[in-house]
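Worksheet: one structure, shown below.
These values consider heavy atoms only, across backbone and side chains, with no hydrogens, waters or symmetry-generated copies.
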Amino acid sequence: MIKHHPETKLLQSFSAGELPVSLSAAISIHVEMCPVCQQRCEEFTEQKAEQYFESAHVDDLAEPIQIDSNLLAMIDNITDDPTQAHVVEPTLNSVAVKGDEYQLPRALRSMSVGRFAGIGKVSRARIDLDEGEIHTSLLQIQPGGMIPEHTHKGFELTLLLDGEFSDDMGTYYPGDFIWLDGRHQHNPKTEQGCLCLTVVSDALHFTQGFGKLLNPFGSLLY
Amino acid sequence: MTQAGTILLQNQKSGLHNKVMTNDNNHQQLAAWLADVANNRDKAAFTGLFRFFAPKIQRIAHQQFSNESQASEVVQETMSNVWRKAHLYSPEKGAPTTWVYTIMRNVSFDMLRKMKSRKEDNFSEDIWPLVEADNVETEVYPDHLQQNQILAYLDKLPENQKQVVKGFYFLEMSQEQLARHLNLPLGTVKSRLRLALGKLKQQLTEQDMGERDD
């Protein structure tokens with residue numbers, strides 16, 4: 001049962017196509033698994049469409065339908081193409097790490113996933129999206145693994161794709177959308193192991209123990 | 001001026017005098033044009049759609065990209081998707097305006113992405129699939145004659161396979177939705193679909209050979 005959802009503002013920006021690819025993909029995966037957020041996104045999309053194409057405001061702005069010759073030429077150009085787009089079933093990608101194989105959700109199917117590398121029970125594969133300081137990765141934690149207590153300067157989004165993990169705020173299940181920022185500190189651990197999609201905007205800041213000393217861990221997770 | 005265009009112009013002119021929104025009428029007209037484009041590749045119907053949407057898209061894109069040529073690219077891309085994907089629109093799923101909006105949003109999203117990164121990738125259709133759980137690729141669709149033949153053959157299929165093919169291709173339900181809807185295991189839906197498509201393909205090939213023999 002999904003308990004953690006993107007906040008309203010994120011769903012609105014997602015529906016309007018205003019978020020980076022990384023976050024859009026994460027929300028798309030959540031929405032596909034969560035009928036409640038799916039419904040809300042449909043409503044936001046309808047509202048946006050009405051605002052753009054149907055509001056009285058739009059009609060006021062409209063000059064008595066002026067279409068310049070460039071636009072008219074476009075009609076011929078477009079209708080010259082007799083083909084129709086054909087519906088095919090998408091092929092999904094899967095990734096293997098330490099003997100476990102996972103099928104990736106549709107939203108990630110065209111993305112290039114790097115090789116898994118890790119420390120101990122934690123493995124990470126970078127998803128190369130070229131979004132500057134926003135880093136996107138797949139994170140796999142083996143059963144019994146954990147991540148040292150840390151906080152964030154920016155934001156850290158974790159979308160649980162498979163398995164479970166828990167921290168002092170509770171246990172998470174597939175589809176849970178966990179958004180943390182500098183106000184939070186946590187120390188996630190997993191009993192059965194898990195695969196997550198993470199989107200992180202800045203290096204993690206380890207607050208205690210060996211994580212504080214172990215720099216490679218920080219760069220592994222960012 | 002096409003008949004459709006004339007009707008639209010009249011609608012819009014009277015709309016200026018009469019501020020009561022005629023959204024429902026608009027939706028009906030737009031949906032009818034989409035159906036004409038889908039079924040008959042009707043250029044006049046497309047012109048009607050174009051006259052309704054293109055200036056609005058141009059204005060929105062101009063605000064977003066602050067660049068005339070990029071705004072035109074959004075119009076071109078969006079409207080050519082409308083032309084090529086009209087058969088994927090179904091009125092049960094929502095207003096035609098919402099459908100065209102999602103196409104425009106996807107086009108803009110991919111374009112912004114191209115401007116911001118070195119990558120030439122299009123993720124929008126994976127993120128917001130136009131057909132749930134399916135994707136749309138740029139493949140050439142069989143011509144109309146062949147499509148009509150397929151419809152004829154479809155009727156000869158066993159009822160349980162026909163159901164699945166119709167749901168998948170004509171109602172654009174995903175295999176998962178079909179499985180739920182028909183109360184069947186997903187595997188059964190998949191294998192019926194595979195069987196049915198195999199038969200259709202076979203019949204089409206036989207037909208081709210038959211013509212050659214004549």
Should [X] and [Y] count as side-chain neighbours, where that means a heavy-atom distance under 4.5 Å?
| X | Y | result |
| --- | --- | --- |
| A/Val21 | B/Phe109 | yes |
| A/Leu72 | B/Arg51 | yes |
| A/Tyr52 | B/Arg105 | no |
| A/Asp76 | B/Lys43 | yes |

Q: List the atom of B/Arg41, the atom of A/Thr83, and the distance in Å for their closest heavy-atom pair.
A: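 Looking at all heavy atoms of both residues, the closest pair is NH2-O, 3.1 Å.
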Q.
Please find the pair of heavy atoms, one from A/Met111 and one from B/Phe123, that lie closest to each other, and give the distance.
A. CG-CE2, 3.5 Å
Backbone N or O of [Y] within a donor-acceptor pair of the [X] side chain at under 3.5 Å?
| X | Y | value |
| --- | --- | --- |
| A/Glu46 | B/Thr98 | no |
| B/Trp128 | A/Gly17 | no |
| A/Arg106 | B/Asp126 | yes |

Atom [atom1] of [X] and atom [atom2] of [Y]: how far apart are they, to the nearest 0.5 Å?
| X | Y | atom1 | atom2 | value |
| --- | --- | --- | --- | --- |
| B/Lys116 | A/Asp130 | NZ | CG | 12.0 Å |
| B/Met104 | A/Lys48 | CE | NZ | 9.0 Å |
| A/Gln47 | B/Tyr101 | CD | OH | 10.5 Å |
| B/Arg113 | A/Glu131 | CZ | CD | 5.5 Å |
| B/Gln64 | A/Glu18 | CD | CD | 8.0 Å |
| A/Ile78 | B/Phe46 | CD1 | CZ | 4.0 Å |

Could you look at [X] and say if it's the side chain, the backbone, both or neither that has a heavy atom under 4.5 Å from chain B?
| X | value |
| --- | --- |
| A/Pro82 | backbone |
| A/Asp128 | both |
| A/Ile27 | neither |

Which answer fits [X], side chain, backbone, both or neither, if we ask what part of it has an atom under 4.5 Å from a heavy atom of chain A?
| X | answer |
| --- | --- |
| B/Val82 | neither |
| B/Thr102 | side chain |
| B/Ile60 | side chain |

Looking only at heavy atoms and a cut-off of under 4.5 Å, which of [options] has the most pairs with chain B?
| options | result |
| --- | --- |
| A/Asn77, A/Ile29, A/Thr45 | A/Thr45 |
| A/Ala25, A/Pro105, A/Cys41 | A/Ala25 |
| A/Val31, A/Leu129, A/Leu19 | A/Leu129 |

Q | Residue among B/Ile57, B/Asn122, B/Asn106, B/Val75 with most heavy-atom pairs under 4.5 Å to chain A | A |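 Most heavy-atom pairs within the cutoff with chain A belong to B/Val75.
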